[in-house]
Amino acid sequence: MRKLLSIVTVLGIASALPHAAAASPEQDLKEMRAHFKKQFPNVPFEEYGNGVYALDPGARAQWEAIEDFPPYELGLENGKKLFNTPFKNGKTYASCFPNGGIGIRQNYPMFDTKKGEVVTLESAINACRKSNTEEPLKDGKGDMADISAYMASTSRGMKMHIVVPNDPRARAAYERGKQHFYAKRGQLNLACADCHISSAGKHIRADLLSPMIGHATHFPVYRSVSGALGTLHARYEGCNTQVRAQPFKLQSDEYKALEYFESYMSNGLEVNGPTTRK
Amino acid sequence: MRQLTSILSTATSVAALLGSLMLAPAMATAAEEAKAMTPIEQGNKLAFDNKKGNCLACHQIAKGELAGDIGPPLVGMQARFPDKAKLRAQIWDSTRANINSMMPPFGRNKILTEDEIDKVVEFIYSL
């Protein structure tokens, strides 16, 4: 078994991309959108939440056919049931969230200025369980992904609205996520940006590569390979592993920061999860 | 073709692309088989093997199927690289020529052994 290498060459950060270290999140977002507008002049902004299906009409037709009878229906049902089932103390998830947890997906991840940390929807679900003396759920797939999917489904059509408040800790978390995104890593020495910015719209072997804008709008995602809904962090784990880098723990500060950055870059796009991907 | 390829599972091809993390222990039969092949043939096998060079992830190469299009097609290599050492250097560590290169540094990061790189060079030079 070859050792997993985790080589992060900060110097090798992909250039020619919007990432000037001192840029504000607002500036980054503006540049990122401008970049993709130039790269894909015919793709309307609203389409980016559809990933590769915004770029490939053939694959899109197949995807739409699948969505007619969505394979995640069972997971979604399970999530709804769990969401509404009272804890042992009689309370429900609704008690932990603004608006009873309905129609709020677009605000996550959010920065908790009291605790000084990024709160993802999944971490908020587990915090809710903890405060109601329930065991935490495992991230990835299963009940956690199903509950998250149900909550996303109640927010469909609402626009991603991620805020980086004027707090140095929030800004640091954003920068950490951005750093992860642009840093070369793994034995194969590839950055997220290599595949999802520079090579978006190109094929890596038979796979079309999605643009990073919109990455965070539609999770959890049902993939036939796993036969279940999976969270965004599970996808991060997969993409880290592919380049033969040591993946981080799901819901680690590193992946929370990465999700914070990617979600901020998805601002203005409609929540459209859960959905399916190859 | 793209229509067809898009049906293929991402996972399969991603796994194929980046290869598994396992290096299968060289089996006697494989070694014998390798002996019977010319260096160019061995290089071809290494270049196409998704656990080794996996060059098809990014380059079109003659007789290679479902190639990606991230890097340039590998054709006319002797004209492109009159100096064979430069070709080897590109494969050993492409980031020397282009710091932002997306091409994995096969030698520097020991993705391929020196001997394997020599064979891949022989194959690529024959294109």
K.L.:
Provide the closest heavy-atom pair for A:Ser199 versus B:Met102 in the form atom of the first, atom of the second, distance.
P.N.:
OG-SD, 3.0 Å
K.L.:
Could you tell me whether the side chain of B:Asp69 and the main chain of A:His203 form a donor-acceptor pair under 3.5 Å?
P.N.:
yes
K.L.:
Checking heavy atoms, do the side chain of A:Leu209, its backbone, both or neither come under 4.5 Å from chain B?
P.N.:
side chain
K.L.:
List the atom of A:Gln187, the atom of B:Ile111, and the distance in Å for their closest heavy-atom pair.
P.N.:
O-CD1, 3.5 Å
K.L.:
Would you name the heavy atoms of B:Asn100 and A:Asp194 that are closest together and state the gap between them?
P.N.:
O-OD1, 4.3 Å
K.L.:
Can you tell me how far the CD1 atom of B:Ile70 sits from the SG atom of A:Cys195, to the nearest 0.5 Å?
P.N.:
5.5 Å
K.L.:
Are B:Asn109 and A:Leu188 close enough, and set up right, to give a side chain to side chain contact (heavy atoms under 4.5 Å, CB included), and what steps lead you there?
P.N.:
CA-CA 7 Å; B:Asn109 279 7; A:Leu188 300 188; over 6 Å; no
K.L.:
Below 4.5 Å, heavy atoms only, C-beta onward: do B:Pro105 and A:Asn189 meet side chain to side chain?
P.N.:
yes
K.L.:
How close do A:Arg205 and B:Glu65 get, counting heavy atoms only, and between which atoms?
P.N.:
NH2-O, 2.9 Å
K.L.:
Counting heavy atoms not belonging to B:Arg80, are there more than 12 under 6.0 Å from its CZ?
P.N.:
no
K.L.:
Can you tell me if NZ on A:Lys249 sees more than 12 non-hydrogen neighbours from other groups inside 6.0 Å?
P.N.:
no
